[in-house]
Colleague: 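This is the structure I want to talk about, given as structure tokens.
Just so it is clear: chains get the letters A, B, ... in the order the sequence lines come, proteins before strands, and each one is counted from 1.
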There are 2 protein chains.
Amino acid sequence: MEHTPIACSHHDHNHCISDALEAARQLCVGRGVRLTDLRLQVLELIWQNHKPLGAYTLMEMLAKANTRRVAPPTVYRALDFLLEQGLIHRINVLNAFIGCPSPTTKHQSHFLICRACGIAIELDQPQLSQQIIGVAQDAGFQVESQSLEVSGLCANCAGNTEHDGHGHE
Amino acid sequence: MEHTPIACSHHDHNHCISDALEAARQLCVGRGVRLTDLRLQVLELIWQNHKPLGAYTLMEMLAKANTRRVAPPTVYRALDFLLEQGLIHRINVLNAFIGCPSPTTKHQSHFLICRACGIAIELDQPQLSQQIIGVAQDAGFQVESQSLEVSGLCANCAGNTEHDGHGHE
DNA sequence: TCAGCTATGTTACTCTATAACCTTTCATCT
DNA sequence: AGATGAAAGGTTATAGAGTAACATAGCTGA
């Protein structure tokens, strides 16, 4: 059964942003960690779209957004915090960062990455995580984290817009 | 059924090296591409052990090995060639490169990476590749390449040396 | 021998990330 | 309120990874 992901379809992205920021606020309050102005702003910028952003791109955006000129360590510290809290994921193949739509549920980093439009679609496939853990166990390997990065063409860019009638509008 | 991988067990690593180099020679002859001295030497250095090596580490090793002092582009071109031919894989999470034990069969890049001893174990799980392709297809995504990098502790480092009696000597 | 292609050498630079140290901010205790 | 200690952010410099652009060398085939 095919199902075009939200990131690939037309959608009210303001909802994505506000939901993510609200979830982040609640998560941080619940854990007793501080979602400072800077961290919130970085998270907001990352959520501007569904494309992973590099740290230096974020620095430029911060500079443009509010004459707040920050140096690399500042951005990286904010990113480290967001990574630790599971609010963003790192896309290794792109040296870039993307918002996590479900930061409260512990899960692995599994992504589909479109080489044409640049979007990254997070997968939610616990049974895939389990299968990977199983394969690792067969080798006596104790899994701590998984990074699956699948490159190719998303539904829109591959021209597969007819899949469920909502693909490309 | 558990099975400690070769890379984790004591083994005659000279065999790994000579097998890999011989396979590379044959593969290049068969394809009509040139396995030059430099490319061969880089491949040999990469095969010194089962740990991924960074490009700059390779540069140092080249300098030590034969007073052949090479600049970054030289190493990266050799690495690009070896990647194109499938003789090595890139480990994104480490910005490093590792030899491929089965360059003749087309396959995806699936690795277990030990954070303690640094070895990377290549998985050979076609059904896992297939499952990933299936998950992607459900999202209308057309897969071109996969990168699975599982971090954790290998059989030796986790202390699981009793798995099949050959784990740690 | 010449032309053309492939591989390598060289210089300079971009992009990504961190070390080390200093200052500010904030929460808490008295 | 004021002191205090920890956490966050600012600043400078540098390390690490990768590439652009151009020059040279070496093979290959007419």
Colleague: Between A/T57 and A/R34, name the one whose nearest nucleotide on DNA chain C is closer to the 5' end.
Modeller: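 The 5'-side residue here is A/T57.
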Colleague: Go through C/dT16, C/dT8, D/dT19 for me and flag the one nearest to the B/T74 side chain.
Modeller: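 Nucleotide nearest to B/T74's side chain: C/dT8.
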Colleague: Do the side chains of B/Q146 and B/S129 get nearer than 4.5 Å, heavy atoms only?
Modeller: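 The answer is yes; the side chains approach within 4.5 Å.
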Colleague: Would you say D/dA8 has OP1 or OP2 under 4.0 Å from some side-chain N or O of A/R39?
Modeller: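 It does, given that an N or O in the side chain of A/R39 lies less than 4.0 Å from OP1 or OP2 of D/dA8.
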Colleague: In terms of side-chain heavy atoms, does A/H15 have a donor or acceptor partner in A/H13 at a distance below 3.5 Å?
Modeller: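 Result is no, nothing qualifies.
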Colleague: Scan A/T36 against the nucleic acid and name what it touches under 4.0 Å (heavy atoms): base, sugar-phosphate only, or nothing.
Modeller: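 The residue A/T36 makes sugar-phosphate contact but no base contact.
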Colleague: Counting the atoms with a prime plus P, OP1 and OP2 as sugar-phosphate, which does A/R77 contact under 4.0 Å by heavy atoms, base, sugar-phosphate, or nothing?
Modeller: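 Since a base atom lies under 4.0 Å of A/R77, the category is base.
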Colleague: By nearest heavy atom, map B/A71 and B/V33 onto DNA chain C; which one lands nearer the 5' end?
Modeller: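 Result of the comparison: B/V33.
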Colleague: For C/dT16, is there a stacking contact with A/Y56, counting only centres under 5.5 Å and planes under 30°?
Modeller: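 Yes; centroid distance and tilt both under limits.
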Colleague: Within a strict 4.5 Å, meaning less than it, do heavy atoms of the B/M61 and B/Q48 side chains meet?
Modeller: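 Of all side-chain heavy-atom pairs linking B/Q48 with B/M61, at least one is under 4.5 Å.
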Colleague: Is a donor on one side and an acceptor on the other found under 3.5 Å between the side chain of B/H50 and the backbone of B/I119?
Modeller: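 Checking the backbone N and O of B/I119 against the side chain of B/H50, no donor-acceptor pair under 3.5 Å is found.
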Colleague: Nearest-Å distance, CG (A/L62) to C1' (D/dG10)?
Modeller: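 Nearest whole value for this atom pair: 14 Å.
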Colleague: Side chain of B/P73, heavy atoms from C-beta onward: which of D/dG9, C/dT10, D/dT12 has the nearest atom to it?
Modeller: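 That would be C/dT10.
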